Amino acid sequence: MEPSCLDSRHLRLSFSAAPTLEAMGGGDRKRGLSVNSAKKRGCSKDTLLSLSDQKRSLSKILREEAAILNVERKSGSGKHRNLWPKAVLEALDDAISNNQWESALKIFGLLRRQRWYEPKSQTYARLLTMLGKVRQIEHARSLFQIMLSEGLKPTLDVYTSLVGAYGYGGFLDRALSIIDEMKTISDCKPDAYTYTILINCCCKLRQFDQIPELLADMSYLGIECTTVTYNAIIDGYGKQECLEEMENKSLSSMLEAGSCLPDVVTMNSIIDAYGNNERIIEMEKWYDEFQHMGIDPDVTTFNILVKSYGKAAMYEKMDSVMKFMKERFFSPSTITFNLIIECFGRVKNIEKMEYYFRLMKVQGFKPNSITYCSLVNAYSRAGFLEKVPAMIRQIDNSDVVLDTAFFNCVINAYGQAGDINIMEEMLLLMKEKKCNPDSITFSTMIQAYRRMGMDEAARELEIMLNDHKTKILKTG
DNA sequence: ATAGGGTTAG
């Protein structure tokens, strides 16, 4: 009698059985879903384990690191001109997908020295996309020149990545002139991808006034917007807290045009925008509304709900979301727990925060640098700084990799407490752990010195901060 | 190509 997982009718029914948020708040109402069928459905790979957790398992990370380092080492000496293609290409692949741009460029240099090397525009496109993401515009520019010098003709992909690199770097004019150049080349006419990337850049740079022109340009060229184009604009307005424009300009025109249907990303952007502004009624309204349009929530949706209820101090509802996920075999993720921990930490509810920290570990989710940032900040705010050293020792005995942001939190915590000596010790520890101090580290320490009346120390650091900034400008 | 987690100051 048990319906099969492959039975589409059953799938549809079980999805449409999703209760409204009102019902979720109601708590212990029984769901009409048998454990067996739910388990089967839960096994459909996207619910049981979050994809990012699967993809980034520790062993995989370690393997990638080793492969990258191995190949990278060889790139230092000029000798290795006959390496196996597979090793080099895989290392390059891993470095690119982890955004390790320095390694990637080194490995690419090695690749170019191989006897079997053949320039491929796709490799250039992927490198350019990565350089855009990490804002290395200068490197993107010279990589493009290298490509031309190898006699490769830029493809549509390459041009599009270049548009992204300039756009995300804040050079919208340059990005636009590349699009103009593209229009003159028969195989490289800009398409919906190209324009969507540029529109997304405008959103991130808060240059919304440029968007109508781009849309007009598209329609003049006969390029149809896609769902992704609308999503980028909707999320852009939402992030800038322009909720009126988001709902009544972007979302309405999407729904009215009817040529692209909203999807779960549209839904998540909209409810995140209302949730972030603590407009819970509208958030819930849109959650139900999107479900009526046939769009099902995913783990990201639930994370957004958890975060929003937490921010609005509606802890029972936050609990209900967790309970609901459990009942429907939606696994939470590290992000879910990090959000809850951050939420209780913010209001100095140490007890609840530590409860969820334990629960997270019991349920097999590994805390990461972000988790520990929230803990340190909470201990600092609540005046429980004495808990921090034990925590650091505990991390030391684990394989958790800490980063610059974590140490910035620690340094800030001791700085706020006026504990200058420990603060300076933490800077040393930070360097020992191979985390580079950044401009936030310096500003944090400068503030601390100022508060303690240590103007000389503050001035010295200020000079270092300025040096640091000019260095960034030169390499960026 | 788009959505969800942590860091300073102003």
Side-chain angles (χ1 to χ4, degrees), chain A residues 50-52 125 129 132-133 156-157 160-161 163-164 167-168 190-201 203-204 225-236 238-239 250 254 260 262-273 275-276 290 295 297-308 310-311 321 332-343 345-346 360 365 367-378 380 402-413 415-416 430 435 437-448 450-451 458 461-462 465:
Chain A
S50 97
L51 203 62
S52 64
T129 305
K133 264 191 219 154
L156 178 56
D157 282 1
T160 301
S161 325
V163 167
Y168 288 118
D191 61 6
Y193 269 61
T194 323
Y195 275 99
T196 300
I197 288 169
L198 196 56
I199 286 172
N200 192 33
C201 293
C203 292
K204 295 281 167 340
C225 281
T226 67
T227 297
V228 180
T229 318
Y230 280 110
N231 287 350
I233 301 173
I234 287 170
D235 192 66
K239 287 279 187 304
S250 320
M254 179 184 201
C260 339
D263 61 10
V264 68
V265 178
T266 323
M267 172 186 196
N268 289 345
S269 290
I270 298 273
I271 66 168
D272 188 41
N276 248 331
F290 278 110
I295 297 162
D298 62 8
V299 179
T300 302
T301 318
F302 295 125
N303 285 343
I304 293 167
L305 293 177
V306 161
K307 182 185 65 166
S308 305
K311 191 173 185 193
V321 177
S333 63
T334 300
I335 295 177
T336 320
F337 282 102
N338 282 352
L339 286 163
I340 300 176
I341 287 167
E342 169 69 20
C343 144
R346 245 177 219 293
M360 169 184 205
F365 293 94
N368 58 18
S369 192
I370 296 175
T371 322
Y372 289 112
C373 273
S374 300
L375 292 180
V376 170
N377 288 334
S380 160
L402 295 176
D403 60 13
T404 296
F406 169 79
F407 283 105
N408 286 346
C409 292
V410 174
I411 286 171
N412 181 50
Q416 295 279 347
M430 172 179 197
C435 296
D438 60 7
S439 57
I440 295 179
T441 320
F442 291 127
S443 325
T444 309
M445 293 185 71
I446 290 167
Q447 289 304 315
R450 284 260 158 70
R451 266 195 306 271
L461 260 194
E462 214 145 50
L465 175 60

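Keep in mind that this is a model prediction, so the values were computed, not measured. A note on names: the letters A, B, ... follow the listed sequences, proteins ahead of strands, and every chain is numbered from 1. Worth knowing before you read on, the calculation uses all heavy atoms, side chains too, and leaves out hydrogens, waters and symmetry mates.
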Seminar exercise, completed: With A/Asn268 as partner, the option from A/Asp263, A/Asn231, A/Thr301 fulfilling side-chain hydrogen bond (donor to acceptor under 3.5 Å, both in side chains) is A/Thr301
Can you figure out which of [options] approaches the side chain of [X] most closely?
X: A/Tyr168; options: B/dG5, B/dT2, B/dG6; result: B/dT2
X: A/Asp298; options: B/dA3, B/dG6, B/dA1; result: B/dA3
X: A/Ser443; options: B/dT7, B/dT8, B/dA1; result: B/dT8
X: A/Tyr193; options: B/dA1, B/dG4, B/dG6; result: B/dA1
X: A/Val299; options: B/dG4, B/dT2, B/dT7; result: B/dG4
X: A/Leu339; options: B/dT2, B/dA3, B/dG5; result: B/dG5

Atom [atom1] of [X] to atom [atom2] of [N]: distance rounded to whole Å?
X: A/Lys307; N: B/dG6; atom1: NZ; atom2: C1'; result: 13 Å
X: A/Ile440; N: B/dT7; atom1: CD1; atom2: P; result: 9 Å
X: A/Asn231; N: B/dG4; atom1: CG; atom2: P; result: 12 Å
X: A/Leu402; N: B/dT7; atom1: CG; atom2: P; result: 16 Å
X: A/Ile370; N: B/dG4; atom1: CD1; atom2: P; result: 13 Å
X: A/Asp235; N: B/dT2; atom1: CG; atom2: C1'; result: 7 Å
X: A/Asn338; N: B/dG4; atom1: CG; atom2: P; result: 15 Å
X: A/Ile411; N: B/dT8; atom1: CD1; atom2: P; result: 12 Å

For this session: Give the C-alpha distance, both sets of side-chain angles, the deciding distance and a yes or no for side chain to side chain contact (heavy atoms under 4.5 Å, CB included) between A/Asp235 and A/Cys203.
Result: CA-CA 8 Å; A/Asp235 192 66; A/Cys203 292; over 6 Å; no
Seminar exercise, completed: By side-chain hydrogen bond (donor to acceptor under 3.5 Å, both in side chains), A/Thr441 pairs with (sequence neighbours left out) A/Asn408, A/Asp438
Exercise. By side-chain hydrogen bond (donor to acceptor under 3.5 Å, both in side chains), which residues pair with A/Tyr230, not counting sequence neighbours?
Worked result: none
Base, sugar-phosphate or nothing for [X]? Non-hydrogen atoms, less than 4.0 Å.
X: A/Thr444; value: sugar-phosphate
X: A/Lys239; value: sugar-phosphate
X: A/Thr196; value: base
X: A/Phe406; value: base
X: A/Arg450; value: nothing
X: A/Thr226; value: base

For this session: Would you check, one step at a time, whether the test side-chain hydrogen bond (donor to acceptor under 3.5 Å, both in side chains) holds for A/Asn303 with A/Lys307?
Result: CA-CA 6 Å; A/Asn303 285 343; A/Lys307 182 185 65 166; over 6 Å; no
Exercise. Taking N and O atoms by type only, does the side chain of A/Asp403 place a donor or acceptor under 3.5 Å from a partner on the base of B/dG6?
Worked result: yes
For this session: Answer with yes or no whether A/Ser369 presents, from its side chain, a donor or acceptor under 3.5 Å of a partner atom in the base of B/dG6.
Result: yes
Exercise. Is any side-chain nitrogen or oxygen of A/Gln447 closer than 4.0 Å to OP1 or OP2 of B/dT7?
Worked result: no
Problem set entry | Phosphate-side-chain proximity, A/Asn412 and B/dT8, N/O vs OP1/OP2 below 4.0 Å | yes
Problem set entry | Aromatic plane relationship, A/Phe337 with A/Phe365 - under 30° parallel, 30 to 60° tilted, over 60° perpendicular | tilted
